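What you see is a predicted model; the values in this text were computed from it and never measured. Residue indices begin at 1 and follow the sequence shown.
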Amino acid sequence: MSYVFHPPAPVSVPVLGRTERFPVHRIYCVGRNYEAHAREMGFTGREPPFFFLKPADALVVVDGRMPTLVPYPSLTDDLHHEIECVVAIGRGGRDIAATEAAQHIFGYAVGIDLTRRDLQASMKQQGRPWCIGKAFDHSAPIGPITELSQAGDLSQAGIWLKVNGSDRQRSDLGQLIWSVGEVIEHLSRAWELQPGDLIYTGTPEGVGSLVRGDLVTGGVQGLVDISLKIG
């Protein structure tokens with residue numbers, strides 16, 4: 001098959017302990033999936049889950065051994081960090097029951113949903129889509145994927161993020177409003193999930209601004225930590 005220009009290389013994420021990489025199809029993100037974070041954003045209650053997407057090439061693969069440079073994005077003066085546990089889908093499907101969701105999970109990783117908060121807020125006020133606040137270049141740092149069999153039980157795993165060594169976010173996955181299984185159930189009603197899909201499952205309270213030069217470290221208990229520097 002020939003193309004009018006050379007197609008870009010597939011987006012992929014390394015898998016802990018394997019030479020094969022995880023090819024990425026889509027990136028789904030869950031909004032306001034921790035109660036305390038929902039409150040700090042001005043919302044309360046267990047509202048139905050809602051989702052937004054990021055392009056696959058928004059990923060920045062972070063090497064846990066040393067900080068990975070992530071450029072400060074254009075058009076914003078209020079870049080925010082949101083630490084998240086990321087689910088990697090290994091088997092697709094539609095209308096997946098929450099009780100069967102684990103059969104579709106390949107593994108987990110640590111991710112950060114970077115947000116141009118000022119642009120997101122402006123779009124919200126105007127009733128317009130806020131892709132510009134979420135789906136920009138380099139907005140989805142992610143660490144290596146740990147396979148499901150090696151990750152262990154993450155239902156109560158700690159999740160944390162530090163900026164320049166100081167705590168910003170600290171919670172545990174037991175505080176998710178919608179569990180991973182429930183998220184997969186809801187998502188698979190709206191879209192047919194595919195192998196290679198990534199799901200950023202939401203962030204706890206403590207989101208805040210980043211500036212150039214900040215060193216950001218984060219992790220989920222049982223997974224590979226990530227470290228990045230805002231450039």
Side-chain angles (χ1 to χ4, degrees), residues 13 15-16 27-41 43 46 49-52 54 59-64 67-68 70 79-89 98 101-102 105-115 117 134 139-184 186-187 197-210 214-230:
V13 180
V15 178
L16 187 65
I27 303 173
Y28 297 98
C29 303
V30 189
R32 297 196 296 265
N33 201 23
Y34 287 80
E35 185 175 355
H37 174 57
R39 287 199 303 269
E40 75 178 354
M41 299 300 288
F43 298 86
R46 194 181 194 232
F50 70 93
F51 308 97
F52 58 92
K54 292 178 182 265
L59 284 178
V60 179
V61 175
V62 177
D63 186 339
T68 297
V70 175
L79 177 68
H80 276 210
H81 58 76
E82 299 188 8
I83 188 71
E84 312 212 4
C85 181
V86 182
V87 178
I89 297 296
I105 297 173
F106 175 81
Y108 295 91
V110 179
I112 299 176
D113 168 18
L114 292 175
T115 303
R117 190 71 75 200
K134 286 286 191 178
S139 63
I142 190 171
I145 294 170
T146 299
E147 292 185 70
L148 180 64
S149 60
Q150 300 174 36
D153 181 13
L154 299 184
S155 60
Q156 302 290 328
I159 181 171
W160 58 273
L161 180 139
K162 295 183 178 183
V163 178
N164 301 322
S166 297
D167 269 12
R168 286 281 188 90
Q169 296 183 265
R170 189 168 292 275
S171 186
D172 68 79
L173 300 188
Q175 299 301 309
L176 283 168
I177 296 173
W178 298 94
S179 69
V180 168
E182 291 171 325
V183 165
I184 290 174
H186 281 276
L187 259 180
D197 285 339
L198 296 175
I199 305 171
Y200 280 59
T201 56
T203 195
E205 70 275 14
V207 301
S209 296
L210 296 169
D214 277 346
L215 176 63
V216 183
T217 54
V220 173
Q221 184 180 353
L223 305 180
V224 179
D225 294 349
I226 61 174
S227 176
L228 55 94
K229 186 153 191 170
I230 305 299

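A salt bridge does not link Glu82 with Arg168: none of the charged nitrogens is closer than 4.0 Å to a carboxylate oxygen. The pair Lys229-Asp214 does not meet the salt-bridge criterion, since no charged nitrogen lies less than 4.0 angstrom from a carboxylate oxygen.
Side chains of Val15 and Pro144 form no contact here, defined as non-hydrogen atoms less than 4.5 Å apart. A heavy-atom distance below 4.5 Å is not found between the side chains of Thr146 and Phe106. Under the 4.5 Å side-chain criterion, counting only non-hydrogen atoms from C-beta, Asp225 is not in contact with Thr217. Contact check for Val30 versus Phe50: no side-chain heavy atoms found under the 4.5 Å cut-off. Proximity of Leu173 to Tyr34: side-chain heavy atoms (C-beta onward) are separated by under 4.5 Å at one or more points. Using a 4.5 Å heavy-atom threshold, the side chains of Leu215 and Lys162 count as separate. Residues Trp160 and Gln169 have side chains not in contact (no heavy-atom distance under 4.5 Å, counting atoms from C-beta outward).
A pairwise comparison of heavy atoms in Cys85 and Leu223 identifies SG-CD1, 4.3 Å as the closest pair. Looking at every heavy atom in both residues, Gly202 comes nearest to Asn33 through CA-CB, 4.2 Å. When every heavy atom of Leu148 is checked against every heavy atom of Ile105, the shortest pair comes out as CD2-O, 3.7 Å. In terms of heavy-atom proximity, Ile145 sits nearest to Ala88 at CD1-CB, 3.9 Å. Of all the heavy atoms in Ile83 and Pro204, the pair that sits closest is O-CD, 3.6 Å. Scanning all heavy atoms of the two residues, the minimum distance from Ala140 to Ile27 falls at CB-CD1, 4.5 Å.
Checked against Leu114 for a side chain to side chain contact (heavy atoms under 4.5 Å, CB included), the options Leu210, Leu228, Val60 give a single hit: Leu210.
For the residue pair Lys134 and Thr115, a side-chain donor N or O sits within less than 3.5 Å of a side-chain acceptor on the partner. Asn164 and Ser166 form no side-chain donor-acceptor contact under 3.5 Å, judged by distance and modelled atom types alone.
Taking CD1 of Ile177 as the start and OG1 of Thr201 as the end, the distance is 12.0 Å to the nearest 0.5 Å.
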